[in-house]
Every structure is written in C-alpha cells, then in structure tokens.
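Just so it is clear, the values below take in all heavy atoms, side chains as well, and ignore hydrogens, waters and symmetry mates.
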Amino acid sequence: MLAITVDIPDELAANFDTPDAIRRALFEDFVIEQRQRGVISLGKAAELLGISYPEVFELLSSKGLSPINASTQDLDESYRRFVELMDKA
C-alpha cells in the first residue's frame, strides 16, 4: 500500500482528537471521491473502509452525497427504457 505524508495546518488538525482520526477522515474522503468518480463500486468502497454496505450509504448521506452515480440524462434514459420494456410485457 502506498504511504504518503500530508501537511495539515494546526488549526485544521485541532478539529480531530488524534492523528489516526485525521488519517481516517482523509482516507474516507479519498475512497468516496473514487466511488463518486466511478473508479470503484460501493462494495469495494465498503471493503476498503472496513464497513458494511449499508454503512457506506450512511457515510455518503452524512456527507450530503448520493449513492447513485449517474447523471440526470442517464437516469432519464434508463427510466425511458424501463417504461418501454414494461409496455411490451
């Protein structure tokens, strides 16, 4: 695993109880960013973070993010195809 060093201003570091809490927050944000970009799945995010699948949803929600990683256009197209298939059934 790659290890990096990050300089964090003291006034920001003071918002955390321990250096491990800072590491965890940075790692969570990195994993979430990778998930939001579509690089990894929700399941992989859960695995990397050592939490359950439902806990990933809670974490995303706590940060004001959606677990749905699709554009409005993609969602509209998917819904349109779904309606077409249902009309044929």
Closest heavy-atom contact between [X] and [Y]?
| X | Y | value |
| --- | --- | --- |
| Ala25 | Phe16 | CB-CE2, 3.7 Å |
| Asp17 | Ala21 | N-CB, 4.4 Å |
| Ala45 | Val56 | C-CG2, 4.3 Å |

Reported [atom1]-to-[atom2] distance for the pair [X] and [Y], which is rounded to 0.5 angstrom:
| X | Y | atom1 | atom2 | value |
| --- | --- | --- | --- | --- |
| Phe82 | Asp87 | CZ | CG | 9.5 Å |
| Glu28 | Leu48 | CD | CG | 12.0 Å |
| Phe57 | Ile51 | CZ | CD1 | 11.0 Å |

Might you confirm whether atom [atom1] of [X] has over 12 heavy atoms from other residues, nucleotides or ligands at distances under 6.0 Å?
| X | atom1 | result |
| --- | --- | --- |
| Phe30 | CZ | no |
| Asn15 | CG | yes |
| Gln73 | CD | no |
| Lys44 | NZ | no |

According to a 4.5 Å side-chain heavy-atom criterion applied to Ile, Leu, Val, Met, Phe, Trp and Tyr, with indirect links allowed, do Ile4 and Ile32 form part of one hydrophobic cluster?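 No, Ile4 does not connect to Ile32 through the hydrophobic network.
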Backbone N or O of [Y] within a donor-acceptor pair of the [X] side chain at under 3.5 Å?
| X | Y | result |
| --- | --- | --- |
| Arg35 | Pro67 | yes |
| Ser61 | Glu58 | no |
| Arg24 | Leu49 | yes |

Could you please spell out the steps behind the side-chain contact (heavy atoms from CB on, under 4.5 Å) verdict for Val6 and Ile22? CA-CA 10 Å; Val6 178; Ile22 296 170; over 6 Å; no
Is Ile68 isolated, or which residues cluster with it under the ILVMFWY side-chain rule of less than 4.5 Å, directly or via members?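 Besides Ile68, the hydrophobic cluster comprises Leu75, listed by chain and residue number.
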If the threshold is 4.0 Å, N to carboxylate O, is there a salt bridge linking Glu84 and Arg81?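 Salt bridge absent between Glu84 and Arg81.
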Taking the side chain as C-beta and beyond, is there a heavy-atom pair between Leu26 and Ile8 under 4.5 Å? yes
